[in-house]
Amino acid sequence: KVYKTLMTYKNTKAQTLFDDDIYHEIVKLNREIEGLKDGISHKERKIDVAEKSRDFVKKQVQDTDKSSEKFITQVQALEVYMASINRNIEAEKKTAERIEAQAMQLEDEVCCFICD
């Protein structure tokens with residue numbers, strides 16, 4: 001009977017140690033799971049930041065493209081305006097030459113009129 005009691009005690013003690021080992025292993029695994037969850041959360045936040053940065057840069061590129069298009073349009077408008085100014089300058093030069101020629105002709109006519 002004592003032997004049986006000792007064996008029962010020994011088995012109970014062994015079972016208790018086994019149960020404690022299982023409990024500690026479960027606690028350890030739960031800590032590892034929490035660590036993995038934290039790691040996943042951290043990576044998700046990094047992904048969110050990266051996506052926001054990508055969207056920001058994408059918007060900047062679009063804004064730059066729009067600005068470039070506006071700039072090109074302005075340059076083209078300035079080229080047309082400058083061509084118009086150059087045509088006006090040429091026309092004014094021709095007008096000035098014509099007026100100068102007329103003035104010289106009038107001078108000649110006045111001189112001839114005075115000399116006669």
Side-chain angles (χ1 to χ4, degrees):
K1 190 172 180 175
V2 172
Y3 176 75
K4 193 174 184 182
T5 304
L6 279 175
M7 289 308 288
T8 304
Y9 174 77
K10 190 175 181 181
N11 287 339
T12 304
K13 182 79 171 158
Q15 186 63 40
T16 302
L17 291 174
F18 181 72
D19 290 346
D20 284 349
D21 287 345
I22 290 174
Y23 173 78
H24 289 298
E25 193 63 28
I26 289 171
V27 169
K28 181 180 165 188
L29 289 173
N30 281 334
R31 279 193 214 124
E32 288 180 17
I33 289 170
E34 288 303 314
L36 290 172
K37 285 180 181 177
D38 288 345
I40 289 169
S41 295
H42 179 72
K43 289 189 188 305
E44 286 173 341
R45 285 190 299 274
K46 285 179 78 173
I47 288 169
D48 286 343
V49 168
E51 286 175 344
K52 287 177 183 173
S53 295
R54 179 202 62 208
D55 293 343
F56 178 75
V57 169
K58 198 174 187 180
K59 175 102 173 76
Q60 283 186 323
V61 168
Q62 289 171 346
D63 291 347
T64 302
D65 287 346
K66 287 178 186 176
S67 294
S68 295
E69 290 170 11
K70 287 179 184 177
F71 180 73
I72 289 170
T73 301
Q74 289 174 344
V75 167
Q76 290 170 341
L78 283 173
E79 287 173 349
V80 169
Y81 179 68
M82 289 300 293
S84 172
I85 288 174
N86 286 334
R87 285 193 301 275
N88 287 344
I89 290 171
E90 291 304 314
E92 290 296 328
K93 282 182 182 177
K94 288 179 183 176
T95 301
E97 289 171 359
R98 185 175 40 83
I99 290 172
E100 192 176 319
Q102 287 175 345
M104 289 174 67
Q105 184 181 359
L106 283 173
E107 272 184 33
D108 287 345
E109 287 177 8
V110 168
C111 280
C112 288
F113 181 74
I114 292 177
C115 291
D116 287 340

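What you see is a predicted model, and the numbers here were worked out from it, not measured in a lab.
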>> I'd like to know if K59 and D63 make a salt bridge, using a cut-off of under 4.0 Å between side-chain N and carboxylate O.
In response: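 Salt bridge flag = yes for D63 with K59.
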In Å, rounded to the nearest 0.5 Å, how long is the span from [atom1] of [X] to [atom2] of [Y]?
X	Y	atom1	atom2	answer
I33	K28	CD1	NZ	12.5 Å
R45	I47	CZ	CD1	11.5 Å
D65	Q60	CG	CD	12.0 Å
I85	E92	CD1	CD	12.0 Å
I89	R87	CD1	CZ	11.5 Å
K58	D55	NZ	CG	7.0 Å

> What do the steps show when you test E34 against K37 for side-chain contact (heavy atoms from CB on, under 4.5 Å), and what is the final call?
Replying inline: CA-CA 5 Å; E34 288 303 314; K37 285 180 181 177; 3.8 Å; yes
> Between V80 and Q76, does a side-chain contact (heavy atoms from CB on, under 4.5 Å) hold up when you go through it step by step?
Replying inline: CA-CA 6 Å; V80 169; Q76 290 170 341; 5.7 Å; no
